[in-house]
Amino acid sequence: MIVICEDYDLINHFMSLPEIARYSREFGASGQNYTPDKRELWLAYSVDGMAAGLINLHSVSGSAFQFHPYILNEHKKDYVKMCVMFFKWFDEFMPAQAVKLNAVIPSPYRAALRAAESGGMTKEGTDRMSYRTRTKVCDRILYGITREEIQHG
């Protein structure tokens with residue numbers, strides 16, 4: 001199930017878990033305290049009543065949103081399922097003017113790149129040399145999906 005999450009204690013706890021924190025910020029960044037922001041939503045993905053994943057949805061413009069999904073290691077097998085459920089939630093609950101979802105994925109994260117494609121997203125471009133890992137600078141790949149693609153996918 002995907003629902004809006006306004007429990008910032010839960011969000012901060014979840015995002016501080018070592019298995020999540022390593023993907024929640026670029027390597028070397030200090031911890032972050034997540035607080036309400038009028039340009040973003042947090043959504044919780046639950047399994048058996050427990051938070052198994054979170055999705056951050058950020059307004060880029062009046063029509064486009066960027067999202068970043070996070071999922072606990074024990075639920076990694078449900079990653080694509082969580083994203084597809086999120087796409088359906090987006091189509092059902094976001095205003096009609098919200099027509100586009102984007103995800104920006106660092107190129108070394110091969111599993112996330114495969115998951116984006118298997119979830120129906122289209123590769124739209126490369127943001128060259130824009131992400132720093134512990135050892136190198138690498139590209140980020142931009143993926144997108146439209147509301148129409150969600151409805152017909």
Side-chain angles (χ1 to χ4, degrees), residues 1-95 97-116 119-121 124 127 129-147 150:
M1 176 186 344
I2 301 279
V3 296
I4 293 174
C5 180
E6 295 178 338
D7 181 347
Y8 281 85
D9 289 336
L10 170 69
I11 293 166
N12 281 298
H13 171 72
F14 190 94
M15 297 303 290
S16 71
L17 296 171
E19 67 189 271
I20 300 297
R22 66 182 288 231
Y23 297 108
S24 68
R25 59 188 181 269
E26 292 186 10
F27 289 109
S30 60
Q32 182 173 348
N33 184 32
Y34 298 91
T35 58
D37 180 328
K38 66 181 180 178
R39 294 190 61 157
E40 71 181 8
L41 284 174
W42 285 91
L43 299 132
Y45 168 69
S46 60
V47 174
D48 298 328
M50 299 294 293
L54 287 178
I55 298 170
N56 178 260
L57 179 62
H58 180 82
S59 174
V60 177
S61 68
S63 63
F65 288 78
Q66 186 167 318
F67 78 102
H68 196 297
Y70 305 94
I71 195 163
L72 296 174
N73 288 339
E74 67 186 272
H75 297 283
K76 285 277 189 202
K77 66 181 178 8
D78 294 333
Y79 186 79
V80 172
K81 176 183 174 183
M82 177 181 75
C83 290
V84 170
M85 288 176 70
F86 163 64
F87 296 160
K88 290 178 181 173
W89 179 92
F90 180 87
D91 183 46
E92 184 175 346
F93 294 105
M94 291 299 289
Q97 67 265 24
V99 296
K100 177 82 182 290
L101 284 169
N102 291 321
V104 181
I105 305 169
S107 59
Y109 297 164
R110 302 269 186 237
L113 296 170
R114 286 190 305 273
M121 299 190 83
E124 296 187 338
D127 185 11
M129 306 299 287
S130 60
Y131 187 82
R132 178 176 300 283
T133 69
R134 287 186 196 136
T135 59
K136 65 180 180 177
V137 175
C138 62
D139 298 341
R140 294 183 309 161
I141 312 301
L142 174 64
Y143 280 87
I145 191 167
T146 67
R147 184 181 290 256
I150 293 168

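The figures here come from the full heavy-atom set of this structure, side chains too, leaving out hydrogens, waters and symmetry mates. It should be emphasised that the depicted structure is a prediction, and the values quoted were computed from it without experimental measurement. Residues take their numbers from the sequence shown, with the count starting at 1.
With contacts defined as side-chain heavy-atom distances shorter than 4.5 Å, the pair N33/N12 qualifies. For the pair T133/P106, no side-chain contact is recorded, criterion being any heavy-atom separation below 4.5 Å from C-beta on. Side-chain contact check for L17 versus L72: some heavy-atom pair is nearer than 4.5 Å. Side-chain contact between R114 and V80: absent, with no pair of heavy atoms (C-beta onward) separated by less than 4.5 Å.
Going from atom OG1 of T146 over to atom CG of N102 covers 10.5 Å, rounded to the nearest 0.5 Å. F67 CZ to N56 CG: the interatomic distance, rounded to the nearest 0.5 Å, is 11.0 Å. With values rounded to the nearest 0.5 angstrom, I150 atom CD1 is found 12.0 Å from E92 atom CD. The line from CH2 of W42 to CD1 of I11 is 6.0 Å long, rounded to the nearest 0.5 Å. Taking NE2 of H58 as the start and CG of D37 as the end, the distance is 6.5 Å to the nearest 0.5 Å. Atom NE2 of H13 is separated from atom CE of M15 by 12.0 Å, given to the nearest 0.5 angstrom.
Heavy atoms only, all atoms of each residue included: I145 and G120 are closest at CD1-O, 3.6 Å. Closest approach of M82 to I55, counting heavy atoms only: CG-CD1, 4.0 Å. Contact between R39 and S61 at its shortest, heavy atoms only, is NH2-N, 4.4 Å. Of all non-hydrogen atoms in E40 and T35, the two that sit nearest each other are OE2-O, 4.2 Å. When all heavy atoms of V47 and A52 are compared, the closest pair comes out as CG2-CB, 3.9 Å.
Annotation: K77, atom NZ; neighbour count of heavy atoms from other residues, nucleotides and ligands within 6.0 Å is above 12. For CD of E19, the number of neighbouring non-hydrogen atoms (other residues, nucleotides, ligands) closer than 6.0 Å is greater than 12.
Remark: the backbone N or O of G49 is not paired with any side-chain donor or acceptor of S46 at under 3.5 angstrom. Side-chain atoms of S107 come within 3.5 Å of backbone N or O of D139 as a donor-acceptor pair.
Applying the salt bridge (charged side-chain N to carboxylate O under 4.0 Å, His left out) test to E124 and every residue at least two apart in sequence or in another chain returns K100. For M94, the side-chain contact (heavy atoms from CB on, under 4.5 Å) partners two or more places apart in sequence, or in a different chain, are L41, L57, F65, W89, F90, A98, R147.
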- I would like to know whether F14 and Y34 meet ring pair (Phe, Tyr, Trp, His ring centres under 6.0 Å); could you show each step before the answer? CA-CA 11 Å; F14 190 94; Y34 298 91; over 10 Å; no
